[in-house]
Amino acid sequence: MGVVGAGRVGPALAAALQLAGHRPVAVSGVSDSSVKRAAEMLPDVPLVPPAQVLARADLVLLTVPDDALPGLVEGLAETGAVRPGQLLAHTSGRYGTKILDPALRAGALPLALHPAMTFTGTPVDVQRLAGCSFGVTAPDELRLAAEALVIEMGGEPEWIAEEARPLYHAALALGANHLVTLVAESMELLRGAGVAAPDRMLGPLLGAALDNALRSGDAALTGPVARGDAGTVAAHVAELRKHAPQTVAGYLAMARATADRALAHGLLKPELAEDLLGVLAGPAAAAGGTEGFRDGGADGRDGDADGGDR
């Protein structure tokens with residue numbers, strides 16, 4: 001087994017496969033942090049250029065950022081680094097196996113194994129792989145091999161069709177990446193309000209909200225938007241505009257999306273929706289860059305509703 005790209009993902013997956021009996025023989029990395037990470041998580045494994053990783057390994061993990069993957073694959077194939085029968089597994093959520101076509105033409109066996117997990121670049125990542133879902137795409141004849149590798153890493157394989165990979169990846173980014181932004185902004189606002197330990201305050205609240213959302217979906221919606229408390233929402237917008245104007249656009253966008261879902265699921269009463277949507281689409285909202293979102297109707301709609309190591 002070899003790893004091309006000693007970012008946060010590659011060494012963790014390689015360490016997990018090592019625990020399952022695979023033998024790491026080579027790793028490549030460019031930055032100082034990558035070299036340090038490889039030494040920590042894959043001690044005594046030689047650090048070599050990508051072509052030499054492929055020369056030494058039967059299974060190669062390509063764990064570079066999405067935008068770097070096409071060029072990497074083409075370069076390895078053009079230089080003859082790819083060997084027939086070699087398993088090449090990339091970890092990009094965006095791509096399926098077609099991105100590996102240049103290597104496929106050289107005789108490689110293509111796999112797309114994307115862990116639906118955020119990584120820290122530390123040994124704790126290996127533990128987090130237990131029970132982690134992987135978005136798996138592979139040719140039918142390699143499906144069992146792909147799923148077996150995921151299981152060996154402690155993960156749960158979830159089959160994703162080639163054409164569904166961009167939507168799958170967008171869904172994960174929407175939920176996980178934007179969550180970090182929302183939480184970070186919330187902590188900043190709490191500090192501004194005088195809360196000494198915003199992380200401690202938010203922890204139980206956000207944990208319960210996430211659990212409720214995963215269990216109940218839209219039925220878990222709560223708060224002033226779902227209740228139709230237009231006055232409270234207007235006060236929020238005014239305070240944010242005064243103290244943190246950079247958060248107004250995000251607040252309004254999420255409030256509109258929440259109102260849409262609450263209306264659609266019968267949680268927001270139509271008679272309360274008009275005032276609420278007026279707040280979200282009125283002059284104050286328009287000043288925050290949200291003009292034209294709503295027509296004020298009770299249905300609340302107007303028709304718009306990872307070149308380096310990974």
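Just so it is clear, the model here is predicted, and its values are computed rather than measured.
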Practice item. Take L13 and T91 through the side-chain contact (heavy atoms from CB on, under 4.5 Å) test and state the conclusion after the steps. Key: CA-CA 10 Å; L13 300 188; T91 59; 3.5 Å; yes
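- Using a cutoff of 4.0 Å between basic side-chain nitrogens and carboxylate oxygens, D101 and K98 are scored as salt-bridged.
- If you chain together hydrophobic residues whose side chains sit under 4.5 Å apart, L113 and L104 never meet in one group.
- In summary, R256 and D260 do not engage in a salt bridge, as defined by a charged side-chain N under 4.0 Å from a carboxylate O.
- Remark: the R8 side chain and the T120 side chain contain no N/O donor-acceptor pair separated by less than 3.5 Å.
- The main-chain N or O of A6 is found under 3.5 Å from a side-chain atom of R37 such that the two form a donor-acceptor pair.
- The distance from the CG atom of D229 to the CG atom of L272 is 8.0 Å, given to the nearest 0.5 Å.
- The shortest distance between side-chain heavy atoms of D199 and M187 falls below 4.5 Å.
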Review point. Checking side-chain contact (heavy atoms from CB on, under 4.5 Å) for the pair V225/L276: CA distance, chi angles, key distance, verdict?
Key: CA-CA 7 Å; V225 172; L276 175 65; 4.0 Å; yes
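- Here the shortest heavy-atom pairing between P50 and V4 reads CB-CG1, 4.0 Å.
- Proximity of a side-chain donor or acceptor of T247 to a complementary backbone N or O of A244 within less than 3.5 Å is detected.
- The two residues G121 and M41 come nearest to each other via the heavy atoms O-SD, 3.9 Å.
- Heavy atoms only, all atoms of each residue included: L129 and M153 are closest at CB-O, 3.5 Å.
- Taking each heavy atom of V73 and L100 in turn, the nearest pair found is CG2-CD2, 3.7 Å.
- Within the 4.5 Å cutoff, no side-chain heavy atoms of V60 are placed close to those of V82.
- Under a hydrophobic-cluster definition in which Ile, Leu, Val, Met, Phe, Trp and Tyr are linked whenever side-chain heavy atoms come within less than 4.5 Å, directly or via other members, L174 and M254 are assigned to different clusters.
- With salt bridges taken as basic N to acidic carboxylate O contacts below 4.0 Å, none links D66 and R94.
- Taken from CG in L109 to CG in L88, the straight-line distance is 8.0 Å, to the nearest 0.5 Å.
- In this structure, L221 CG and L263 CG are separated by 11.0 Å, a value rounded to the nearest 0.5 Å.
- In the hydrophobic clustering of ILVMFWY residues, with side-chain heavy atoms under 4.5 Å counting as a link, L206 and L190 come out together.
- A donor-acceptor pair shorter than 3.5 Å can be found between the side chains of E239 and H243.
- Checking side-chain atoms of N212 against main-chain N and O of A208 turns up a donor-acceptor pair under 3.5 Å.
- Counting heavy atoms of neighbouring residues, nucleotides and ligands inside a 6.0 Å radius, atom CD of E162 exceeds 12 of them.
- A donor-acceptor pair is defined here as one N or O able to donate and one able to accept, closer than 3.5 Å; no such pair exists between the side chain of S186 and the backbone of L182.
- A donor-acceptor pair is defined here as one N or O able to donate and one able to accept, closer than 3.5 Å; no such pair exists between the side chain of T97 and the backbone of P110.
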Practice item. Report the C-alpha distance between L252 and V248 in whole Å, list the side-chain angles of each, state the deciding distance to 0.1 Å, and finish with yes or no for side-chain contact (heavy atoms from CB on, under 4.5 Å). Key: CA-CA 6 Å; L252 290 171; V248 173; 3.7 Å; yes
Practice item. May I have the step-by-step check of salt bridge (Lys or Arg N to Asp or Glu O under 4.0 Å) for K36 and D32, ending in yes or no? Key: CA-CA 6 Å; K36 180 180 179 181; D32 291 342; over 6 Å; no
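- Of the charged side-chain nitrogens involved, at least one lies within less than 4.0 Å of a carboxylate oxygen, so that R143 and E147 count as a salt-bridged pair.
- One hydrophobic cluster, built from ILVMFWY side chains closer than 4.5 Å, cannot hold both L214 and L179; they sit in different ones.
- L59 contributes atom CG, which lies 10.5 Å from atom CG of L54 (distance to the nearest 0.5 angstrom).
- When only modelled atom types and interatomic distance are considered, H90 and Y95 share no side-chain donor-acceptor pair under 3.5 Å.
- When all heavy atoms are compared, the tightest approach of V150 to P157 is CG1-N, 3.7 Å.
- With rounding to the nearest 0.5 Å, the separation of CG in L87 from CG in L142 is 7.0 Å.
- Note: H114 and F134 fail the aromatic proximity criterion, with ring centroids not under 6.0 Å apart.
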Exercise for review: Would you please test S28 and V3 for side-chain contact (heavy atoms from CB on, under 4.5 Å) and show each step?
Suggested key: CA-CA 6 Å; S28 71; V3 181; over 6 Å; no
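- Going from atom CG of L17 over to atom CG of L61 covers 6.0 Å, rounded to the nearest 0.5 Å.
- Judged purely by atom type and a 3.5 angstrom limit, S31 uses its side chain to pair as donor or acceptor with the backbone of S34.
- Nearest approach of G2 to A57, heavy atoms of both residues: N-CB, 3.4 Å.
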